**Q** 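Encoded as C-alpha cells, here's the structure I'll be asking about.
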Protein chains: 2
Amino acid sequence: MPLPETEIPGRLQAELMARGLRMTRQRRTILSVVETAKQHLDATQILRKAHKIDPGIDRVTVYRTLNLLKRHGLVDELDLMHLEGEKHYYERHPQRDHIHMACLRCGKITEFESDLFDRLKGQIQRECQFHIVVSRLEVGGYCSQCRSATPA
Amino acid sequence: MPLPETEIPGRLQAELMARGLRMTRQRRTILSVVETAKQHLDATQILRKAHKIDPGIDRVTVYRTLNLLKRHGLVDELDLMHLEGEKHYYERHPQRDHIHMACLRCGKITEFESDLFDRLKGQIQRECQFHIVVSRLEVGGYCSQCRSATPA
DNA sequence: CTCCTAGTTGAAACTCAGATGCAACTAGTA
DNA sequence: TACTAGTTGCATCTGAGTTTCAACTAGGAG
C-alpha cells in the first residue's frame with residue numbers, strides 16, 4: 001500500500017527532515033509523543049512518555065528537542081496562565097491559531113478559534129508594521145460549569 | 001490645597017487600603033515602585049528599586065506583595081514571550097487591556113490597544129460562556145525597524 | 001494613649017524548571 | 001567503511017519563586 005501520504009506516523013518528523021535536521025532515535029521518540037498527545041503536555045510529562053518508549057532518553061534531550069521544535073515553529077509553547085507552577089506546555093503548531101481559556105477554579109483548558117482573532121492579528125501586522133511570528137492569547141476566568149456551580 | 005483627588009502618589013495604595021488590607025512601610029515602597037515604573041519591571045528589578053528607597057526590604061516581601069496585587073487584579077503579570085529567561089514582568093492593570101508585541105531581534109516591547117481585541121473578548125464571554133478575569137495577548141515577531149534593518 | 005492580635009516580615013533553606021560544559025557517541029555523507 | 005559535524009547523557013549549575021517559622025507591627029478595641 002504505497003500511499004502518497006502516510007501522514008499519521010510523523011508529520012513533525014517529515015517537517016524536521018525537510019529542514020535538513022538530523023533524525024535521531026531520541027528525536028523520533030519525542031516527536032511521536034508530541035504528535036500523538038491528546039492534551040497539553042509539559043516537558044516532564046513528555047519525558048515520562050518518551051521514557052516508556054525509550055528508557056535511555058534524558059531530560060536534557062527533551063528540553064533541547066522542544067527548543068528545536070519551537071525555534072522551527074513546529075510546536076507552540078504555552079503558559080496556560082501559570083495555573084500550576086511555571087512550567088510550559090507544548091502543542092503542535094496548528095494551521096489556525098486558537099485561544100486558550102483556563103478556568104481558575106477547575107483548571108480546565110478550553111480552546112477557541114475566532115475570526116476576530118485572525119482579523120486582530122491582521123490589524124497588528126498592518127497598523128504596527130509588526131511581522132508576527134508567534135502569537136499567544138491566553139485568558140483566565142471561570143468556565144460555564146464553574147460559573148453555575150455552588151461556590152467551593 | 002486639599003484637592004479632592006491627589007491621585008499621583010498612590011492610586012494603588014488607595015485601592016489596596018479600600019480593600020481593607022494593611023498598609024506597611026514595605027508595601028508602600030513596592031507600590032510606589034510599581035506605580036512610577038516607566039517600563040515593565042521584573043521582580044528582581046522591583047526589588048532593586050525598592051531597595052534604594054528602603055534597603056531593609058527583602059526579596060520575599062516583593063514576591064508576596066506582587067502576588068497580593070495580582071490576586072486583587074491591581075497588577076498584571078506578563079511573560080513578554082520569555083525573551084530573556086522565565087521571569088515575569090509586572091504593570092499596573094490598565095483601564096483598557098492592551099496587546100504586547102515583543103521583537104525577537106531587538107527585544108523592544110510595544111503596546112497596542114484595539115477595538116477588535118475588546119470585541120474578541122466579548123465574543124469569548126458570550127459564545128463560550130466564559131467569564132474572563134484576566135487576559136493576555138502576547139505576540140512575538142519583528143518590529144518595523146528590525147524588518148527593514150540589514151540582517152545581523 | 002496603651003494594649004492586643006491577626007496579619008506581615010526577614011532570614012535561611014528549599015523546590016523545581018530549565019541551561020551548560022564536556023566527553024562519548026552517531027546520522028548522514030564522502 | 002571511515003569521517004565529522006551535530007547530538008546525546010551525565011554531572012553540575014542557575015535562578016526564579018516558595019516555604020517555614022520566629023520576631024515584628026498596623027490598626028482597631030478598650
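Quick caveat, the model's predicted, so the values are computed rather than measured. Each chain gets a letter, A, B and so on, in the order the sequences are listed, and its residues count up from 1.
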**Q** Take atom CZ of B:Arg71 and atom P of C:dG7, then tell me their distance rounded to the nearest Å.
**A** 13 Å

**Q** Closest approach of B:Leu83 and B:Ala102, non-hydrogen atoms and distance?
**A** CD2-CB, 3.8 Å

**Q** Kindly state which residues belonging to residues 48-64 of chain B come within less than 4.0 angstrom of DNA chain C, counting heavy atoms of the residue only, listed by number.
**A** B:Gly56, B:Ile57, B:Asp58, B:Arg59, B:Val60, B:Thr61, B:Arg64

**Q** Could you give the CG-to-P distance, from B:Asp42 to D:dG15, as a whole number of Å?
**A** 13 Å

**Q** Using only heavy-atom distances, determine whether the side chains of A:Glu15 and A:His93 contain a donor-acceptor pair under 3.5 Å.
**A** no

**Q** So if I take residues 16-31 of chain A and measure heavy-atom distances to DNA chain D, which residues fall below 4.0 Å?
**A** A:Arg22, A:Thr24, A:Gln26, A:Arg27

**Q** Find the distance B:Leu80:CG to D:dA16:C1' and express it as a whole number of Å.
**A** 16 Å

**Q** Tell me the closest heavy-atom pair linking B:Thr29 and B:Ala50, and the distance in Å.
**A** CG2-O, 3.7 Å

**Q** Any side-chain N or O of A:Asn67 less than 4.0 Å from the OP1 or OP2 oxygen of C:dA19?
**A** yes

**Q** Find the distance B:Leu69:CG to D:dG17:P and express it as a whole number of Å.
**A** 15 Å

**Q** Go through the side-chain N and O atoms of A:Glu91 and A:His40 and say whether any donor and acceptor fall under 3.5 Å apart.
**A** yes

**Q** Please tell me which of A:Leu68 and B:Ala43 maps to the more 5' nucleotide of DNA chain D, matching each residue to the nucleotide holding its nearest heavy atom.
**A** A:Leu68

**Q** Okay, side chain of B:His82, backbone of B:Glu86: is any donor-acceptor separation there less than 3.5 Å?
**A** no

**Q** Distance check needed: C:dA17 C1' versus B:Asp79 CG, whole Å only.
**A** 14 Å

**Q** So does A:Asp79 get a backbone contact from the side chain of A:Glu138, meaning a donor-acceptor N/O pair under 3.5 Å?
**A** yes

**Q** What integer distance in Å separates B:Gln45:CD from D:dG17:C1'?
**A** 16 Å

**Q** Among all residues two or more places apart in sequence or in another chain, which pass the salt bridge (Lys or Arg N to Asp or Glu O under 4.0 Å) test with A:Glu77?
**A** A:Lys70

**Q** The helix from C:dC1-D:dG30 to C:dA30-D:dT1: angle between its terminal axes, five pairs each, to 10°?
**A** 30°

**Q** Give the rounded distance in Å between these two atoms: CD of A:Glu86 and P of C:dG18.
**A** 9 Å

**Q** Quick check: closest heavy atoms across B:Leu78 and B:Arg136, and the distance to 0.1 Å?
**A** CA-CD, 4.1 Å

**Q** Look at the side-chain N and O atoms of B:His88 and state whether any lies under 4.0 Å from the OP1 or OP2 oxygen of D:dG17.
**A** yes

**Q** Taking atom OH of B:Tyr89 and atom CD1 of B:Ile109, what is their separation to the nearest 0.5 Å?
**A** 7.5 Å

**Q** Mind checking who shares a hydrophobic cluster with B:Leu66, ILVMFWY linked at side-chain heavy-atom distances under 4.5 Å?
**A** B:Leu12, B:Leu16, B:Met17, B:Leu21, B:Met23, B:Ile30, B:Leu31, B:Val33, B:Val34, B:Leu41, B:Ile46, B:Leu47, B:Ile53, B:Ile57, B:Val62, B:Leu68, B:Leu69, B:Leu74, B:Val75, B:Tyr90

**Q** Atom NZ of A:Lys70 to atom C1' of C:dA19: distance rounded to whole Å?
**A** 12 Å

**Q** Enumerate, atom names and distances included, each donor-acceptor pair closer than 3.5 Å involving a side-chain atom of residues 124-135 of chain A, sequence neighbours excluded.
**A**
| residue | atom | partner | partner atom | Å |
| --- | --- | --- | --- | --- |
| A:Gln125 | OE1 | A:Ile132 | N | 3.1 |
| A:Glu127 | OE2 | A:Gln123 | NE2 | 3.2 |
| A:Ser135 | OG | A:Asp97 | OD2 | 2.9 |

